[in-house]
Amino acid sequence: MTPRRIAAFTLIAALAAGSGYLFGQKLARTAGAELQTVTRLPGTRALPAVTLDLGDRKFLLADLGGRWTVLFFGFTHCPDLCPATLALLARAVATLPEAQRPRVLLISVDPERDAQPKVAAFARWFAPEFLGATSTELPALAAALGAPYARSTTSDGYTMDHSGALFLLDQSGRFAAVATPPLDSDKLAADLAVLVAAP
């Protein structure tokens with residue numbers, strides 16, 4: 001590598017480290033680049049008109065428009081996958097400029113134990129802006145997204161088996177992309193920047 005290129009890379013690294021905004025803008029300019037961990041659907045798909053309970057309010061899934069949403073199915077008693085995924089999402093979203101950050105929505109697959117406001121508080125523990133919801137129409141939404149879940153018996157009660165995928169809804173609230181494990185927070189952040197910057 002030439003000295004000129006080394007100097008250029010050093011300058012870019014310093015600017016990115018010093019400003020989250022510049023970092024986000026740099027990622028956004030890669031809109032034509034191939035996504036690293038997210039897969040875009042060939043076309044967007046409308047989702048069922050389900051109602052979500054956020055604890056302090058209820059609203060229709062269709063009302064999620066206006067910005068991108070990362071939707072994840074999980075439950076508060078999850079021993080590993082849910083906490084790890086929500087922590088990874090918190091790291092990924094925090095690297096983006098505030099105006100570019102997608103909404104993160106956890107939807108419980110365990111309505112028996114996750115009555116509100118428990119699931120909302122669980123989601124906020126990872127990031128104050130994260131949303132936690134329940135829905136009486138969970139089966140229809142999960143089926144529309146291809147997100148399997150099932151209850152299984154354990155020695156001390158039961159647990160919930162569920163998808164570890166992230167489902168991404170575009171600014172119109174339509175299913176537009178998916179990310180499946182294993183997930184990497186840096187790659188996910190870069191892909192989110194590309195998606196939110198796309199027209």
Side-chain angles (χ1 to χ4, degrees), residues 35-41 45 47-48 50 52-55 61 64 67-96 101-170 173 175-196:
L35 296 172
Q36 302 175 71
T37 194
V38 171
T39 301
R40 274 202 98 130
L41 303 182
R45 295 196 315 222
L47 295 173
V50 303
L52 300 174
D53 183 351
L54 292 176
L61 183 64
L64 285 177
R67 61 177 167 147
W68 281 80
T69 298
V70 179
L71 193 156
F72 176 67
F73 292 96
F75 64 114
T76 63
H77 285 74
C78 184
D80 42 33
L81 178 61
C82 300
T85 302
L86 290 168
L88 180 144
L89 275 168
R91 290 194 304 274
V93 170
T95 66
L96 302 174
R101 293 177 184 173
R103 178 188 295 110
V104 174
L105 174 64
L106 167 68
I107 298 182
S108 175
V109 295
D110 188 10
E112 182 176 321
R113 294 182 294 194
D114 285 349
Q116 286 291 16
K118 185 176 184 179
V119 68
F122 179 74
R124 284 195 305 269
W125 189 87
F126 294 91
E129 68 274 20
F130 282 11
L131 301 173
T134 59
S135 177
T136 57
E137 299 153 292
L138 172 65
L141 177 58
L145 290 167
Y149 68 95
R151 177 170 167 155
S152 61
T153 303
T154 63
S155 59
D156 56 352
Y158 74 91
T159 190
M160 300 299 298
D161 299 320
H162 62 92
S163 170
L166 305 177
F167 303 93
L168 286 81
L169 314 185
D170 66 12
F175 182 27
V178 63
T180 55
L183 299 170
D184 175 274
S185 61
D186 292 335
K187 291 178 181 178
L188 180 61
D191 286 355
L192 291 174
V194 169
L195 291 172
V196 300

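Here the structure is a predicted model, which means the values were calculated and not measured.
With a 4.5 Å cut-off on side-chain heavy atoms, Trp125 and Leu86 do not count as touching. Taking 4.5 Å as the limit, every side-chain heavy atom of Thr134 sits out of range of all side-chain heavy atoms of Pro111. Leu166 has its side chain within reach of Leu89: a pair of non-hydrogen atoms, C-beta onward, lies under 4.5 Å apart.
For the pair Ala189 and Leu96, the tightest heavy-atom approach, listed with the atom from each and the gap, is O-CD2, 3.6 Å. The two residues Ala123 and Phe130 have their closest heavy-atom pair at O-CB, 3.4 Å. Scanning all heavy atoms of the two residues, the minimum distance from Arg91 to Ser185 falls at NE-OG, 3.8 Å. Nearest heavy-atom pair, Pro148 versus Gly146, reported as atom, atom and distance to 0.1 Å: CD-O, 3.3 Å. Nearest heavy-atom pair, Tyr149 versus Pro139, reported as atom, atom and distance to 0.1 Å: OH-CG, 3.5 Å. Here the closest non-hydrogen pair linking Pro181 and Gly164 is CG-O, 3.5 Å.
In terms of modelled atom types and a separation under 3.5 Å, the side chain of Asp114 and the main chain of Thr76 share a donor-acceptor contact. With hydrogens and angles disregarded, no donor-acceptor distance shorter than 3.5 Å links the side chain of Arg45 to the backbone of Phe175. No donor-acceptor distance shorter than 3.5 angstrom exists from the side chain of Arg113 to the backbone of His77, with no hydrogens or angles considered. A donor-acceptor pair under 3.5 Å links the side-chain atoms of Gln116 to the main chain of Gly132, judged by distance alone.
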From CA spacing to verdict: side chain to side chain contact (heavy atoms under 4.5 Å, CB included), Arg40, Leu195: CA-CA 9 Å; Arg40 274 202 98 130; Leu195 291 172; 3.6 Å; yes
Passes side chain to side chain contact (heavy atoms under 4.5 Å, CB included), Leu192 versus Thr95? Steps please. CA-CA 10 Å; Leu192 291 174; Thr95 66; over 6 Å; no
Quick one: do Leu64 and Leu105 satisfy side chain to side chain contact (heavy atoms under 4.5 Å, CB included)? Show the steps, please. CA-CA 10 Å; Leu64 285 177; Leu105 174 64; 4.0 Å; yes
List the steps, then state whether side chain to side chain contact (heavy atoms under 4.5 Å, CB included) holds for Val104 with Phe126. CA-CA 11 Å; Val104 174; Phe126 294 91; over 6 Å; no
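Residues satisfying the side-chain contact (heavy atoms from CB on, under 4.5 Å) criterion with Ala121, sequence neighbours excluded, are Arg124.
With no hydrogens or angles considered, no side-chain donor-acceptor pair links Asp191 and Thr37 at under 3.5 Å. Neither side chain, Ser108 nor Asp110, offers a donor N or O lying under 3.5 Å from an acceptor on the other.
In this structure, Asp53 CG and Thr136 OG1 are separated by 9.0 Å, a value rounded to the nearest 0.5 Å. Of the inter-residue distances, the one linking Thr85 atom OG1 with Leu106 atom CG reads 10.0 Å to the nearest 0.5 angstrom. For the atom pair CG (Leu61) and CG (Leu71), the distance works out to 7.0 Å, reported to the nearest 0.5 Å. Taken from OG in Ser163 to CZ in Phe72, the straight-line distance is 7.5 Å, to the nearest 0.5 Å. One distance of note links CD1 of Ile107 with CG of Leu141; it measures 5.0 Å at 0.5 Å rounding. Between atom CG of residue Leu81 and atom CZ of residue Phe75 there is a gap of 8.5 Å, rounded to the nearest 0.5 Å.
Annotation: Lys187, atom NZ; neighbour count of heavy atoms from other residues, nucleotides and ligands within 6.0 Å does not exceed 12.
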